[in-house]
Amino acid sequence: METRGAVLRSMGVDTPYAESMPLRVEPLQLEPPGPGELLVRVRAAGVCHSDLSVVNASRPRPVPMVLGHEAAGDIEAVGAGVTDFTVGDRVVFSFVPSCGRCSFCAEGRPVLCAPGAAANAAGTLLSGARRWRDAEGQACHHHLGVSAFAEYTVVSERSAVRIDPDLPAEVAALFGCAVMTGVGAAVNTASVRPGESVVIYGMGGVGLAALLGAVAAGAWPIVAVDPVAEKLALAQRLGASHVVQARDDDALTQIRAITGGGADYALETVGSEKVLEQAYFATARGGTTVTVGLPHPDRMLQIPAVSLVAEERSLRGSYMGSAVVSRDVPRFLALYRAGRLPVHELLTHRLALDDINLAFDRLARAEAVRQVILL
Ligand SMILES: [Zn+2]
Ligand SMILES: [Zn+2]
């Protein structure tokens with residue numbers, strides 16, 4: 001079928017993106033869904049920092065690629081052998097497809113799925129197929145098995161979770177990445193318990209979602225750290241007990257004072273090894289640092305090795321919130337419906353697909369939390 005989508009052809013172009021236009025909304029041919037695949041009419045797609053990381057080449061991916069990995073939509077057709085979904089179902093995408101059979105899937109850690117990671121690195125669907133062709137007939141890559149900056153997309157059924165059809169797509173979309181990654185980091189990876197102290201670095205979409213997760217889990221105190229005053233104000237409104245200006249020279253001293261010597265958990269959502277270092281030093285003896293952001297692959301972390309042993313500190317990675325999406329999407333959506341996870345507060349901008357480069361400028365300048373493209 002004929003559709004339109006935002007294609008990235010070269011990474012690392014100059015800013016402002018409104019002028020360099022790294023993403024071009026082009027006519028595309030989309031092949032019908034193969035066995036185990038779904039054709040989805042995309043309704044809403046969030047613009048995430050990991051999309052920007054591909055655009056600015058800090059997380060290189062094969063191009064040309066139809067970008068976008070955080071979205072919700074409605075199923076228009078199903079491929080052969082699909083039994084769990086039907087036409088008309090509303091779905092949220094998972095940006096790691098899980099095969100359900102590899103050793104990681106078998107032990108309940110589907111975000112580590114080996115065939116899923118291989119397909120994502122290659123820019124294909126889980127089956128290895130590519131379903132996009134541009135106007136010249138060249139195959140385009142899929143972004144994390146989703147490619148949501150398009151009117152229609154084809155995904156593996158292993159990349160989708162059915163949700164209630166009455167959920168607004170613009171809110172549901174955020175559950176695919178920001179909410180899963182942030183809330184999951186707090187409640188799955190860190191397993192925060194009531195009364196434990198949490199400090200969160202970075203109040204972007206993921207950091208604010210981690211804050212909502214910490215609030216829902218009953219953490220106290222909850223310290224939000226960011227350089228942007230408006231984001232700290234939003235964090236306070238969403239339940240942070242304290243906020244610390246990241247640029248303050250004595251930020252670490254302030255955090256230690258608030259938490260009585262250091263936090264039980266420090267969550268880093270910025271994707272900077274320097275911030276991760278600070279997060280590590282913001283924890284108490286016995287504390288756990290959870291790293292959620294994605295630093296550039298060349299960056300190294302420097303911490304005193306002995307402190308892991310002598311102070312029983314832990315450093316844990318959290319990919320997609322250590323989620324089991326079939327369990328966590330319904331669970332987190334139930335909290336949203338109950339008013340315990342006010343995810344809609346993260347939505348700061350709504351825009352059209354043709355304005356996508358403007359959205360990346362806003363994101364690069366830290367002027368937005370979550371921008372959603374409505375399709
Ligand atoms: Zn994302
Ligand atoms: Zn697997």
Side-chain angles (χ1 to χ4, degrees), residues 1-30 40-73 93 95 120-125 130-155 159 169-170 173-174 176-178 204-205 271 294 296 347-375:
M1 69 177 290
E2 187 86 28
T3 187
R4 290 167 78 242
V7 182
L8 180 75
R9 293 185 180 275
S10 53
M11 293 173 281
V13 300
D14 291 343
T15 54
Y17 296 129
E19 284 167 25
S20 58
M21 306 262 284
L23 287 155
R24 304 275 171 152
V25 179
E26 301 179 9
L28 293 167
Q29 285 293 330
L30 184 57
V40 180
R41 171 86 175 88
V42 181
R43 295 294 177 188
V47 182
C48 172
H49 212 277
S50 329
D51 298 310
L52 177 61
S53 299
V54 182
V55 171
N56 69 20
S58 68
R59 198 159 167 80
R61 297 277 175 189
V63 289
M65 176 174 272
V66 182
L67 229 55
H69 65 279
E70 176 188 87
F93 299 111
F95 65 85
N120 280 358
T124 68
L125 297 182
R130 286 190 283 164
R131 303 287 177 211
W132 301 108
R133 295 267 183 284
D134 67 12
E136 273 72 56
Q138 188 190 9
C140 296
H141 293 86
H142 295 257
H143 188 204
L144 302 176
V146 177
S147 288
F149 297 152
E151 290 165 350
Y152 290 85
T153 189
V154 168
V155 302
S159 298
E170 62 179 30
L174 307 188
C177 180
L294 291 162
H296 189 282
L347 215 173
T348 52
H349 299 75
R350 297 171 181 81
L351 58 146
L353 183 59
D354 291 297
D355 296 328
I356 190 161
N357 290 297
L358 290 172
F360 281 100
D361 278 326
R362 253 186 235 116
L363 190 58
R365 293 190 202 117
E367 292 169 0
V369 177
R370 235 9 173 216
Q371 310 177 80
V372 172
I373 294 169
L374 300 178
L375 292 136

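This structure is a prediction, so every number in the text was calculated from the model and none was measured.
Side-chain atoms of His141 come within 3.5 Å of backbone N or O of Pro64 as a donor-acceptor pair. Using modelled atom types, no side-chain atom of His142 and backbone atom of Ser147 make a donor-acceptor pair closer than 3.5 Å. Under a 3.5 Å cut-off, the side chain of Thr153 and the backbone N or O of Ala148 do not form any donor-acceptor pair.
If you take CG on Leu144 and CG on Asn120, they are separated by 4.5 Å, rounding to the nearest 0.5 Å. Expressed to the nearest 0.5 Å, how far CD of Gln371 lies from CG of Asp355 amounts to 10.5 Å. Atom-to-atom distance recorded for Arg41:CZ and Thr3:OG1 is 7.5 Å, nearest 0.5 angstrom. In this structure, NE2 on His349 lies 13.0 Å from CG on Leu374, to the nearest 0.5 angstrom. Expressed to the nearest 0.5 Å, how far CG of Leu23 lies from CG of Leu358 amounts to 11.5 Å. Taken from CZ in Arg24 to CG in Asn357, the straight-line distance is 8.0 Å, to the nearest 0.5 Å.
Closest approach of Leu363 to Cys48, counting heavy atoms only: CD2-O, 3.5 Å. Heavy-atom minimum distance, Leu125 versus Gly145: CD2-O, 3.9 Å. Among all heavy-atom pairs drawn from Leu294 and Ser50, the shortest one is CD1-OG, 4.3 Å. Residues Thr348 and Val369 approach most closely at OG1-N, 3.1 Å, considering heavy atoms. In terms of heavy-atom proximity, Ala173 sits nearest to Ala44 at CB-O, 3.6 Å. Taking all atoms of both residues into account, the shortest heavy-atom contact from Ala150 to Val66 is CB-CG1, 4.2 Å.
The shortest side-chain heavy-atom distance between Gln29 and Met1 does not fall under the 4.5 Å cut-off. Two residues are said to be in side-chain contact when any heavy atoms from C-beta on lie closer than 4.5 Å; Ile373 and Val42 fail this criterion. The shortest side-chain heavy-atom distance between Val25 and Phe149 does not fall under the 4.5 Å cut-off. Using a 4.5 Å heavy-atom threshold, the side chains of Trp132 and Leu30 count as touching.
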Throw together a table of side-chain donor-acceptor distances under 3.5 angstrom for residues 4-17, partners on residues two or more places apart or in other chains.
residue, atom, partner, partner atom, Å
Arg4, NH1, Glu151, OE2, 3.2
Arg4, NH2, Asp354, OD1, 2.9
Arg4, NH2, Asp354, OD2, 3.3
Arg9, NE, Glu26, OE2, 3.0
Arg9, NH2, Glu26, OE1, 2.9
Arg9, NH2, Glu26, OE2, 3.3
Arg9, NH2, Asp134, OD2, 3.0

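For residues 55-73, the set of pairs meeting the side-chain hydrogen bond (donor to acceptor under 3.5 Å, both in side chains) definition, not counting sequence neighbours, comprises Asp51-His69, Asn56-Ser58, Glu70-Arg370.
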